[in-house]
Amino acid sequence: MPALKADVSVQAQMVLMASQLEASERAHSAGSVATEGLSLSRLLELPVGICGPLDVVQLKGKGRGVLAVQPLLPGQLLLATPPLAIVQACNAASDVELPPPTAGDLVQLLAASRLTPRQSQLLAALYSGEDDSNSGSSDAKCESGESRSAGGSRGDSGPRQMRVQQLLQLSAAADGLRLQWGAGSGAAASTGWRTAAQLALPATVRGLRLPDGRVQVLAPTNGSSLAADGGGSRQQERRRSVTGAVVCNCYGEPARDEALEQLLARRRGAAGGGGGHGDGGGGVDAGGGFVGLWADYAMLNHSCCPNTINWVGGPHDHMAVIATAPIAAGQEVSVCYLGRELLAPRSVRTAALQRSHNFTCACRRCEHERRLGSALEAALQHVYDSVNVEWGPRLGALAEEVQDAAEALRELRRQQAQAQALTGQGRQGQASRGLFGALFGAVGGGGVVAAAATMREPVERARAALSSLSNELAALDQQVAATLSDVEMAASQAAAGNAAAATTAAEAGWWVRASLYDAYELRASIAEVLADTARAAASTTASAPGDTAGAVQQAHAALVVAITACLQAPPQTVASVATTAGQTPKRTARLLQSRWPVAVRCLAMAVGACRR
Ligand SMILES: C[S@@+](CC[C@H](N)C(=O)[O-])C[C@H]1O[C@@H](n2cnc3c(N)ncnc32)[C@H](O)[C@@H]1O
């Protein structure tokens, strides 16, 4: 298959071809929108797509893949396209947090929607897991592009080839389009972004996953639905390939990235653009999960040391892909399919990719880790397992205990202040409102006694657990340091005298460090929990003028006043006070029952003593 070269005559031809494409859907495309000089956040507000100087080709052992046509710099935007189809979660009506939408929800949406010929064509052109030209093998040259297969090989005909052609046309240059961001310097600055092209996009098939699990079609179009598409076996066949395409190519997040949304909104604000998230488009509510298909993004293969990052944002749910490393012309542009497991050692990543996409990655990082040898691989795996299988759950339980203790300390602080006020009121109340005022003051004081007692236990437990954990953490630290130094030594021996191998080893070394990230994060969260508890403890002692012991003494004193008053009062008065206490508003009653059991017991004793 011929690769697109970015010379001017080809560009002009391609622009012409692109402009002829899909005239019926042009209204929705970027054709009439000038994007020159727009910032990324403004661009994302438009229902247009942008594709940088990229090329879709066949790669040995991977099926299709995307290559850079020109050198790219870190920070450059490579792709920003709205989805072909997306299902968002509708959690609004439910208090319960619902699971994020799944690939199955997306299949449901596509089956229930009426697709235009263009949408069907794009869907059919996605890899559906049925073509063995995509099966990964250890000889696949993942990031070099040098293993691009010759034209006419398996997988180069039919709808997939059509798709490649289409992408080539759509990725063609639109001269004069200059995007503000990632201008870079040198060759890329003078040529790179002038070749970015606006894409003629199909409208998005949009759905909402309702709390009861059904998928509601939000943006149906006027084509034919799967259900209407022929009878029995043909329909079944189409559904099977749609399911395959969704499973192999969908991208989802369990929650909307709120920080990103805020950042984009701030940038929009700074640029003078009005309109929050969701304006004029179907952007999902911040916080809601989603799953979707982005046809151009779906051409990108995976690498465990990807040279891009990607995210979904803006009112039209653009998928943005940005370079994170210099990418040479002809080098493969890669993304990561793994999420958090990108930080795991090779065995975990391999198993995850087999499970989700049924291929074995042979990227530089995987190869480097494989060459480290089984002993070092096992050491990395051991650190990963001890953090994720053993330490993580233990820390989770411990953090809850310690946080309970911190919460109890804060509550105690609040009650100390309240008790002081109530005790004062109680003393006055005895004079002005008689027994009720005195009892109320006593209850307040008794609360502090109770809170002090309930708080002491979790604090003590947490303290003991933390001291045993700190010994074990020291052991883990040693293990991490020893593993890293062994890995680095093995890498430098392997790379000795070979500059290219040394660069790969240095890069892979960073990833090995990254694969210990969970261990560092665990340390950091322990430190956070400790600091939080220390802050709560400090504010408690500092805030109580008479400290905890003083407050407890005051409470006792108030209780004695109350009991004495009860003993001296006529039985009817005591009975009416008890009734009044029982009729206090719900919140007070709850407090009396749950938080202040000591005070309630004292009150009962006092009332009982009066009755005798
Ligand atoms: C989203 S598609 C990527 C584009 C795909 N190669 C195509 O031809 O349409 C995902 C599929 O590509 C293949 N693939 C992706 N990354 C790969 C890699 N690093 N090595 C081998 N195969 C890969 C797998 O078959 C995977 O299921």
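All ligand and atom numbering here is 1-based and tracks the order in the structure. Predicted model only: the values in this text are computed from it and were never measured.
- Heavy-atom proximity to Y127, at under 4.0 Å, picks out these atoms of ligand 1: 7 (C), 9 (O), 11 (C), 25 (O), 27 (O).
- A salt bridge is defined here as a Lys NZ or Arg NE, NH1 or NH2 lying under 4.0 Å from an Asp or Glu carboxylate O, and K62 with E332 meets this definition.
- The closest approach between Y297 and ligand 1 stays at or above 4.0 Å for every heavy atom of the residue.
- Heavy atoms of G65 stay at 4.0 angstrom or farther from ligand 1.
- Among the atoms of H302, some N or O lies under 3.5 angstrom from an N or O of ligand 1.
- Neither the backbone nor the side chain of L126 has any atom closer than 4.0 Å to an atom of ligand 1 (non-hydrogen atoms only).
- Residue G63 has at least one heavy-atom neighbour below 4.0 Å for each of these atoms of ligand 1: 8 (O).
- The N/O atoms of R64, backbone and side chain alike, include one that comes under 3.5 Å of an N/O atom in ligand 1.
- Assignment of L300 to the shell around ligand 1 is supported, since a heavy atom sits closer than 4.0 Å.
- A salt bridge does not link E367 with R364: every distance from a Lys NZ or Arg NE/NH1/NH2 to an Asp or Glu carboxylate oxygen is 4.0 Å or more.
- Between N307 and S334, the side chains place a donor N or O and an acceptor N or O closer than 3.5 Å (distance only, hydrogens not considered).
- Any N or O atom pair closer than 3.5 Å counts here, and S303 shares no such pair with ligand 1.
- Here the closest heavy-atom approach between residue C366 and residue R346 is recorded as O-CD, 3.3 Å.
- Those atoms of ligand 1 that come under 4.0 Å of a heavy atom in C248, given as number and element, are 1 (C), 10 (C).
- Side chain to side chain, R209 and Q108 fail the donor-acceptor criterion of an N or O pair below 3.5 Å.
- Annotation: side chain of V107 is not in contact with side chain of V247 (no heavy-atom distance under 4.5 Å).
- Between Y337 and F359, the ring-plane angle classifies as perpendicular under the 30° and 60° cut-offs.
- Atoms of ligand 1 found under 4.0 Å from any heavy atom of G61 (numbered from 1 in listed order, with element): 21 (C), 22 (N).
- Q354 and T360 are linked by a side-chain donor-acceptor pair at a separation below 3.5 angstrom, with hydrogens and angles left out of the test.
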